[in-house]
S.K.: 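Mind looking over this structure? Questions follow.
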There are 4 protein chains.
Amino acid sequence: SAAPTFKPIHTRRTFEEICERIREQLALGVLKPGDKLPAERELAQQLGVSRNVLREALRSLEMAGVLKLQKGVKGGAFIQQGDTRRMNEVMRDMLSLGTISVRELSEARVHVLDLVVQLACANARRADLDALEANIERTELATKEGRLLDRVECSREFYKLLAASTGNKVIAMIVDSVTEIHMRFVYAKVASSGVAMARLAEKRRQ
Amino acid sequence: SAAPTFKPIHTRRTFEEICERIREQLALGVLKPGDKLPAERELAQQLGVSRNVLREALRSLEMAGVLKLQKGVKGGAFIQQGDTRRMNEVMRDMLSLGTISVRELSEARVHVLDLVVQLACANARRADLDALEANIERTELATKEGRLLDRVECSREFYKLLAASTGNKVIAMIVDSVTEIHMRFVYAKVASSGVAMARLAEKRRQ
Amino acid sequence: SAAPTFKPIHTRRTFEEICERIREQLALGVLKPGDKLPAERELAQQLGVSRNVLREALRSLEMAGVLKLQKGVKGGAFIQQGDTRRMNEVMRDMLSLGTISVRELSEARVHVLDLVVQLACANARRADLDALEANIERTELATKEGRLLDRVECSREFYKLLAASTGNKVIAMIVDSVTEIHMRFVYAKVASSGVAMARLAEKRRQ
Amino acid sequence: SAAPTFKPIHTRRTFEEICERIREQLALGVLKPGDKLPAERELAQQLGVSRNVLREALRSLEMAGVLKLQKGVKGGAFIQQGDTRRMNEVMRDMLSLGTISVRELSEARVHVLDLVVQLACANARRADLDALEANIERTELATKEGRLLDRVECSREFYKLLAASTGNKVIAMIVDSVTEIHMRFVYAKVASSGVAMARLAEKRRQ
DNA sequence: GTGGTCTAGACCACA
DNA sequence: GTGGTCTAGACCACG
C-alpha cells in the first residue's frame, strides 16, 4: 500500500501544557473570575513540575490578562474579569510589527463603523441615546470654544458610546480597538496643528 | 520650604525591565524582524541576570508575538512578524471568562461575514477565487463520501480563504477569530455523533 | 576431513553492547533498583562512545522499564523497579498488528476474570475489600449523577483493584492488560454518546 | 468556590510522540504488517524533526517488535508481524528486576494451566490432538531411554501444543510466557542433576 | 558541541 | 507564608 504521509510534530513545552489545562478549567466553568489558584509551591507539586515552569505558565496567563498575581500572605493567583483592552494591544502590536498597515486599519474601520451604525440604530436603548446626545452637546461646545483636543476626546468617546449601543460586546471590542488607533493618529495630528494655531493666535494678538 | 514630593517607587520585576529594553531596541529600529538575539546564556550574562529570569522575559515577548524561540544549534530568539493568531486567543479567553457570550459571538459573526462577503466580491483576485473553488470541490467530495470531520475542516478552511479574499488583514483577522470559535462548536457536535473508529479499522484490516 | 561449520556472525550494534554491559552489572548485583548511573557526558566518555549512541542505549533500557531518566540538577538515569504497564503495550501492539483479534481478547478476558474472582475471594485482605467497597460507592454515585465518563473510569479502577486483590502480581498484570484494552473500547463508545460540554459550562457560569 | 485539583502533567518527548503517531496509524489500519515506512531522511522532514530523534523512535519500535530495520538498497523500516515472544521478555525482565517473584509466577502458572486444560478440552481440533499424542509418545520414549534433557524439551513442547489447542492466541501467549520461565528452572535443575547422574553412570562403569 | 528546557532548593521582599 | 529572584547542573534536541 502507499506510504502514509505524516504531519509535522509539535512537542509542547511544559508551560504551554499548563496554560492549556488552566484555560480548560476556565472554559469548563470549574474556574471563574475571582477564584484563586492553589499556592505556587503546592500547584507545582500537584502538576509534578518545578516552580519555575509553573511560574512561566502563570506569567503567560498574567500577560494574557487571565490571571493577576498578588504578593503577600493573602496573595496568590486570581482569575480576572476579561479585559476588553487586550484586543487594542493586539491591534497596536500588529501595526508596529508591520503585520497590518494603516490603510488596512482605516479601511476596516470604515466598514465596521458602517455595520455598527446599523446595529446601534436597531438595538440602542434609551440610556444609550441619552448618553450619545449628551456627548454631542459636549462636542459642539468644545468645537465652538476652539478646544480642539477636548473635541478629539469627545469624538473618541462618541465612538465608544456608539459601539456600546450595539448591545454586542464582540462588535464593541472590535470597533473600539480600531478606533483607538485611529484616534491616536487624529490626536497626534490635532496636537501638532494645535501648536500652529496657538502661534497664529499669538501673532494675531501682537 | 515646600516638602519635596516623592514619586512612588515601582520596583519593576526584573523580567519586565528586560522586556522594556528589548522593545526599546525594537522601537529604535536597532532590532528588526528576522534579527536574532544573543544566546540565552550570553544575554543573561550581559544583562547580569539569571537565565531563568531572562527566560521569563523572552517567554513574555514570545506570547506577545514579538519573538520566536527556536531550538537547535542554529536556534535562538528571533524577532518575528506579528502573529495573527493572537486575536483568536483573545476571543477564546473573553468567552471563557464570561466577558462575552456565545450569543454575542454568533451575532457578530453573522454581521461580519456579511461584510466579508461584500468585500471579497469586490476585491478577490484570481488566485483567491481558484483557491475557493478548489476548496468547494474538496468539500463536496468529503460530503459525498461521508467524511464528516473532514467536511468540517473544509468548512473552516473556506471561511479562512474567504477572509483572505477581502485583501484586508484586519478584517481577515477578525472574521478568523470568531469563525475559529464557531467551528470549534461545530466540530465538537460532529465528533460526538461520530462512529466507533476502532471497528472501522478492524474491518479495513480484514 | 569434515568441512568446518561457521556460526553466523552477529555484529552487535554499539548500543546493544552498552545495554548488555549495564544489564550485566544489574545481574551481578553491582547495580540495584534506585541506583544512579553517571551523567550522560561522563558515562559516554567512560565507554568511549558518542553521546548519541549512549542515549540510544539508555532509551532502550528505559523502554524496557529498566531505567528511568530524570531531568534537573538531581536528575540522571536511575535503575527502576519493573514497570507493570509494559504488558499493556504488548497486548495493544499484538492487536494493532492483527496477531490477536478482539474476539480472542474478549474471550481471554472472560476466562481470566473468572479466575481472578476466585483468587480474589480466597486471598483478598481487609484493605483490598475496603478499597473495592469505596470504589463501588463512587461508581454508584457517578451512575446516579449521570457522569458517564467518570463511571467508566470507576469501572476500570474496579478491575484494577480486583486484580490487586488476588495477591499475585503476575495474574494482576495479565488481567490489567486485557482489561485496559476492553475499557478503551467502552470509553470510546461512551464518549461518542456524550453531550456537548460547552453548553453545560456556560449554564454553570450563569 | 473550592480550589480545583490538577492532575500531574506528562510532557512527552519528541520520540515518544513519533512512536505514538506510528502506533496510531497501525491501530487505524493505515499501516499493516509488511508495509514500509518512508526513508529516514524523508520521514524526518515530514515530521519536522531531526534524524537523530526519528532514529530513537524507530529503534524504540524495533525493540518493541513492531518494526524491523533493514539495511541496504532495498532496506528501510518494515512493519512486522506481531511477535508473541515479546511477552516472554516482559515476564523475564519483571522477574529479574524483582517486580514479580518465582512464587507468584508458579502460582499463576498453575491457575492458568487449569484454565488452559478446560479450554483445550473444549476447543482442541483433530490436528491438535494428533500433535499432542505424538508428543506424548516422544516423551515416553525419552523417559524410557533416560534422555532427561530431551524429556524436558518434550515437556516444554507439550505445554506449547496444549496452549495452541485452546484456539485463543491471547491465552496461548500468556501460558507460553509463564511456562517458558518455569521450564528454564526445570532445565537448569535437570541439567545439574544430569551431571550428577552422568558421574554416577561413569562410576558404575568403573 | 551548542543551545533550549527543566529541575531542586535556596534567599529575598512583601503584606 | 506568599510571590519574586537566583543558581548549578542535568537531560533534550539540533546540525
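Quick note on labels: first sequence line is chain A, next is B, and so on, each numbered from 1.
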S.K.: Given F:dG3, E:dC6, E:dG9, which nucleotide is nearest the side-chain atoms of A:K71?
M.R.: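 Among the listed nucleotides, the one closest to the side chain of A:K71 is F:dG3.
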S.K.: Rounded to whole angstrom units, what separation is found between the CD atom of D:E16 and the P atom of E:dT5?
M.R.: 18 Å
S.K.: When the distance from CD of D:E17 to P of F:dC12 is rounded to whole Å, what number comes out?
M.R.: 16 Å
S.K.: Please determine, for the side chain of C:K74, which listed nucleotide (E:dC6, E:dA8, F:dG4) has the closest atom?
M.R.: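 Nucleotide nearest to C:K74's side chain: E:dA8.
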S.K.: Which comes earlier along DNA chain F counting from the 5' end, the contact point of C:E62 or that of A:L69, where each point is its nearest nucleotide?
M.R.: A:L69
S.K.: At under 4.0 Å between heavy atoms, what does A:V73 touch on the DNA or RNA strands: base, sugar-phosphate, or nothing?
M.R.: base
S.K.: Indicate yes or no: does A:E62 engage A:R59 in a salt bridge with an N to O separation below 4.0 Å.
M.R.: yes
S.K.: Once you round it to whole Å, what is the distance between C1' of E:dG4 and CG of A:N52?
M.R.: 14 Å
S.K.: Taking atom P of F:dT7 as reference, at what distance in whole Å does atom CG of B:L54 sit?
M.R.: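 Result: 12 Å.
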S.K.: May I ask you to say whether A:E20 pairs ionically with B:R92, meaning some side-chain N is under 4.0 Å from a carboxylate O?
M.R.: yes
S.K.: Measure from CG on C:L37 to P on F:dG9 and round the result to the nearest Å.
M.R.: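 Computing the C:L37:CG to F:dG9:P distance gives 20 Å.
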S.K.: If you check every side-chain atom of A:V49, which of E:dT7, E:dT5, F:dC14 has the closest atom?
M.R.: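 Ranking E:dT7, E:dT5, F:dC14 by closest atom to the A:V49 side chain puts E:dT7 first.
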S.K.: Stem list for DNA chain F, please, built from Watson-Crick and G-U wobble pairs under 3.5 Å and keeping only runs of at least 3.
M.R.: E:1-14 with F:1-14
S.K.: If I take atom CZ in residue A:R59 and atom P in nucleotide F:dC6, what distance separates them, rounded to the nearest angstrom?
M.R.: 12 Å
S.K.: Between D:E56 and D:R13, is there a side-chain N and carboxylate O pair less than 4.0 Å apart?
M.R.: no
S.K.: Considering only nitrogen or oxygen atoms on both sides, find all protein atoms under 3.5 Å from nucleotides 10-12 of chain E and state each distance.
M.R.:
| from | atom 1 | to | atom 2 | distance (Å) |
| --- | --- | --- | --- | --- |
| E:dA10 | N6 | A:R51 | NH1 | 3.4 |

S.K.: Starting the side chain at C-beta, find the nucleotide from F:dG4, E:dA8, F:dT2 nearest to A:A39.
M.R.: F:dT2
S.K.: Flag yes if more than 12 heavy atoms outside A:Q46 fall under 6.0 Å of its CD atom; otherwise flag no.
M.R.: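 Above 12, so yes.
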S.K.: If you check every side-chain atom of B:E40, which of F:dA13, E:dT5, E:dC6 has the closest atom?
M.R.: E:dT5
S.K.: Can you identify which nucleotide, out of F:dC12, F:dT5, E:dG4, has its nearest atom closest to the A:R55 side chain?
M.R.: F:dT5
S.K.: Flag the pair C:K160 and C:E157 as a salt bridge only when some basic side-chain nitrogen lies within less than 4.0 angstrom of an acidic carboxylate oxygen.
M.R.: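 Looking at C:K160 and C:E157, the cut-off is not met.
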S.K.: Using only atom types and a distance under 3.5 Å, with no angle test, would you say the side chain of A:Q70 pairs donor to acceptor with the backbone of A:G76?
M.R.: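 Answer holds: no.
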S.K.: Under 4.0 Å between a side-chain N or O of A:S50 and OP1 or OP2 of E:dA8?
M.R.: no
S.K.: Is there a donor-acceptor contact under 3.5 Å from the side chain of A:R21 to the main chain of D:K7?
M.R.: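 Yes.
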S.K.: Is any NZ, NE, NH1 or NH2 atom of the basic residue among B:D93 and A:R86 found under 4.0 Å from an Asp or Glu carboxylate oxygen of the other?
M.R.: yes
S.K.: More than 12 heavy atoms of other residues, nucleotides or ligands under 6.0 Å from CZ of C:R85: yes or no?
M.R.: no
S.K.: Does D:R23 reach the main-chain N or O of D:I18 with its side chain, forming a donor-acceptor pair under 3.5 Å?
M.R.: no
S.K.: Grab the CD1-C1' distance between A:I9 and F:dC14 for me, whole Å please.
M.R.: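 Spelled out: CD1 on A:I9 to C1' on F:dC14 is 15 Å.
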S.K.: What is the distance, rounded to the nearest whole Å, between atom CZ of A:R13 and atom P of E:dG4?
M.R.: 11 Å
